[in-house]
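Written out below as structure tokens is the structure these notes cover.
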Amino acid sequence: MAIVLKPLFVLPLLFLSSYAQLWLRPEAYILFNRKKILGPHELFNDPFGDALDFKRKKITDDFGTAPLSDSEKPSVRPNYVGLPNEPKGRWELVAVNSGVSAMHAILLPRVNKVLMYDATIWKKSEIRLPAGHCRLLNQTGEKDCYCHSVLFDIATTALTPLELHTDTWCSSGGLSVDGNLVGTGGFQGGANTVRYLETCKGCNWREFPTALADRRWYSTQAELPDGGFIVVGGREAFSYEYIPREGDSNAKSYFFDFLKKTSDRDENNLYPFVHLSTDGNLFIFANNRAVLLNPKSNKVVREFPALPGGHRSYPATGMSALLPIKLHSKNNDVIPAEVLVCGGSGHQDAYTQASKDIFYTALQDCGRIRITDKKPVWKREIMPSPRVMGDMVILPTGDILMLNGAKRGCSGWGFAREPNLAPAIYYPKAKIGNRFMQLKASIIPRMYHSSSVVLPDGKVLVAGSNTNNGYVYDAMFPTELRVEKFSPPYLDPSVAVHRPVIVADKAPEQIRYDETFQLQIKSTAVKVEKKDIKVTMYAPAFTTHGVSMNQRLLDLGLEDVIAENAFLGIHTITAVSPPSGKVAPPGYYMLFVVHQGVPSVSTWVQIK
């Protein structure tokens, strides 16, 4: 098998090296499709095409989103716009050059820098390696003097260049117990790689190209209750495996028949959604189906009903999140866990048809399921607008923000149209019909290869977008290097009085499982009561291709809120930490205090 696969992955590199500027020619995509330069499944569309061509072409079978059943219809007509003067959020442009297009992004603990990277295959970015340094490509002998990963300082926007040697294109990642990046997979020589990046000053990548047993391109990485990681799926990888100790290599993987059964002609089961449930099992969703995998026995312990309406995994590319986990000072044996899946495509062949300039309307529905119920069922809801390739992030308040992506087409090289510029917020605890509100739109399209990151101040950093095979700035949707921050409605000046401040030296830096701990806040609010306070812990997500890996938010149990000094507005909060690694895997979390729906700036806390 290795002998057969090797030419398949080396050919694209040699081809692109020989025709480095070929992509800039308008007809190049036709040749690329004919030559299959990136393998048999990677297709291209015209990057210099007409972004409005979908308006002039009638698509007879564009059926969109299936209607809700009678039992799913809300009792009131949904109001997506809110009240006339209700805050809708605010956008700000914070940088015009991120150095690399942020195909992958994650906030690193303690240093408060966002790690961004894309791919090495193009040998191009907008930031060079420092001191005139170049890396030598073993396959061709060429020199690559460009940087393909950076640290973006969220306070100053300063860039720190980092040097990658293996190709991270369409890879996966997460944070270790110590808050360091562990990344897996990618393209060509990067497909079997495990990478490590520490947050120390001057640290750079450590890469182990033979660590994984199977090639992991378009795979998903998830953290386990003990702080280890599982890597699931990938192109032609109907398997999963556990990341070995640094420097070791896996001899074999675990065959996963579920991935084979959920694959189809367009491979709508790549980048599966993987969420660690509160019972320690893994909820794995691919295409339109899901199972529960026990990572100790390596057995599927449950099959869930299919989510009706269409296809949700890459390249149909919907969004998913494990909804906030509500904890108490004393928890029941079963801690409820719910999953939300939104968007995607109703057409199994959306990818194939997009290569023929047919761009189907994206799905506009969401499915919600309580995966810990004895007889779980999907309940569908309708979003304000269709969305494919979107990001779904959990805000410190426990609400869900959906942003980026398009209203037509699917993931791929020029395979989407009609950018969805307006975020939507989802309130999980509201009544059906009142859960969605559309927010202020950006002016920058964030299409294929965009990313979003929740920041310590409650804002959301938005970067990336590159539907082009390389850095192309005169395309229909140019390679995007601008970085924005979005301020959700809770940061509107009209509610600033409710924003608490965590007293830095009165908040824990480390906690253990199932223990009480205290922190202090300062508030200018007239009254601070326990019923108006939430303490939440947020695990930073590794975002890429519409998947927010390892993202979770814990709403902690509270024992008391006591006014220590009413004149200074000082209050002491007694909270209870999560009960186990099944509920909160060990590692670093952003600790927020939310008062009447307004979050503080977070502090970092480690649980182990």
Side-chain angles (χ1 to χ4, degrees), residues 95 97-139 142-212 216 221 229 231 243-249 451 453 463-464 481 483 540 542-544 549 587-588 604:
N97 181 14
S98 56
V100 303
S101 189
M103 180 188 297
H104 315 80
I106 187 170
L107 176 68
L108 299 180
R110 303 187 304 273
V111 296
N112 286 337
K113 294 181 180 180
V114 174
L115 173 64
M116 302 176 179
Y117 54 94
D118 56 0
T120 63
I121 188 172
W122 300 309
K123 304 181 289 297
K124 180 75 174 72
S125 70
E126 290 301 331
I127 182 171
R128 290 181 177 268
L129 291 168
H133 178 67
C134 300
R135 66 186 185 100
L136 186 65
L137 306 183
N138 294 331
Q139 297 93 332
E142 290 180 285
K143 288 183 177 181
D144 179 7
C145 305
Y146 287 93
C147 176
H148 305 293
S149 64
V150 298
L151 294 176
F152 179 92
D153 191 306
I154 62 175
T156 67
T157 74
L159 298 177
T160 303
L162 301 170
E163 184 175 352
L164 272 169
H165 287 268
T166 57
D167 202 337
T168 50
W169 178 22
C170 303
S171 59
S172 51
L175 294 175
S176 71
V177 176
D178 295 325
N180 300 317
L181 190 282
V182 181
T184 49
F187 185 54
Q188 294 182 329
N192 298 78
T193 303
V194 176
R195 305 171 190 86
Y196 301 88
L197 179 68
E198 296 184 13
T199 56
C200 49
K201 187 175 182 180
C203 284
N204 220 316
W205 291 97
R206 302 191 304 276
E207 304 173 66
F208 298 86
T210 61
L212 301 176
R216 301 295 172 187
Q221 179 178 322
F229 289 100
V231 189
I243 296 180
R245 257 185 339 185
E246 182 173 347
D248 289 350
S249 296
S451 57
V453 176
L481 297 173
V483 179
F542 180 94
T543 61
T544 186
M549 302 179 198
Y588 278 88
W604 288 103

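Note that this is a predicted model, so its numbers are computed, not measured. Just the heavy atoms: all of them, side chains too, but no hydrogens, waters or symmetry mates, feed the values below.
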Mutual orientation of the aromatic rings belonging to W122 and W169 [parallel < 30°, tilted 30-60°, perpendicular > 60°] | tilted

List for me each residue that meets side-chain hydrogen bond (donor to acceptor under 3.5 Å, both in side chains) alongside T166, sequence neighbours excluded, and say none if there are none.
-> R195, E207

Check for a donor-acceptor pair, side chain of T193 on one end and backbone N or O of G189 on the other, with a separation under 3.5 Å.
-> yes

If you look only at pairs with a residue in residues 101-138, which of them pass as a disulfide (SG to SG under 2.5 Å), with sequence neighbours excluded?
-> C134-C145

Say whether R216 and T184, considering side chains only, have a donor N or O and an acceptor N or O under 3.5 Å apart.
-> no

In this structure, which one of L175, V114, T544, T543 forms a side-chain contact (heavy atoms from CB on, under 4.5 Å) with I106?
-> L175

Can we say R206 and E246 salt-bridge, meaning some charged N sits less than 4.0 Å from an Asp/Glu carboxylate O?
-> yes

Side chains of W205 and S149, donor plus acceptor under 3.5 Å = yes

Any idea how Y196 and F208 line up, ring-wise: parallel (<30°), tilted (30 to 60°), or perpendicular (>60°)?
-> perpendicular

Salt bridge (Lys or Arg N to Asp or Glu O under 4.0 Å) between K124 and E126, worked out = CA-CA 7 Å; K124 180 75 174 72; E126 290 301 331; 3.1 Å; yes

Would you say the side-chain atoms of T168 pair up with the backbone N or O of D118, donor to acceptor, closer than 3.5 Å?
-> yes

Got a second to check how far C170's SG is from F187's CZ, nearest 0.5 Å?
-> 9.0 Å

Could you list all the salt bridge (Lys or Arg N to Asp or Glu O under 4.0 Å) pairs where at least one residue sits in residues 174-184, not counting sequence neighbours?
-> none

How many angstroms lie between atom CG of N180 and atom CG of L115, to the nearest 0.5 angstrom?
-> 11.5 Å

Separation between OG1 (T199) and CG (L181), nearest 0.5 Å, reads 10.5 Å

Backbone N/O of T120 and side chain of D167: donor-acceptor pair under 3.5 Å = yes

Output for pair (H148 NE2, E163 CD), nearest 0.5 Å, gives 9.0 Å

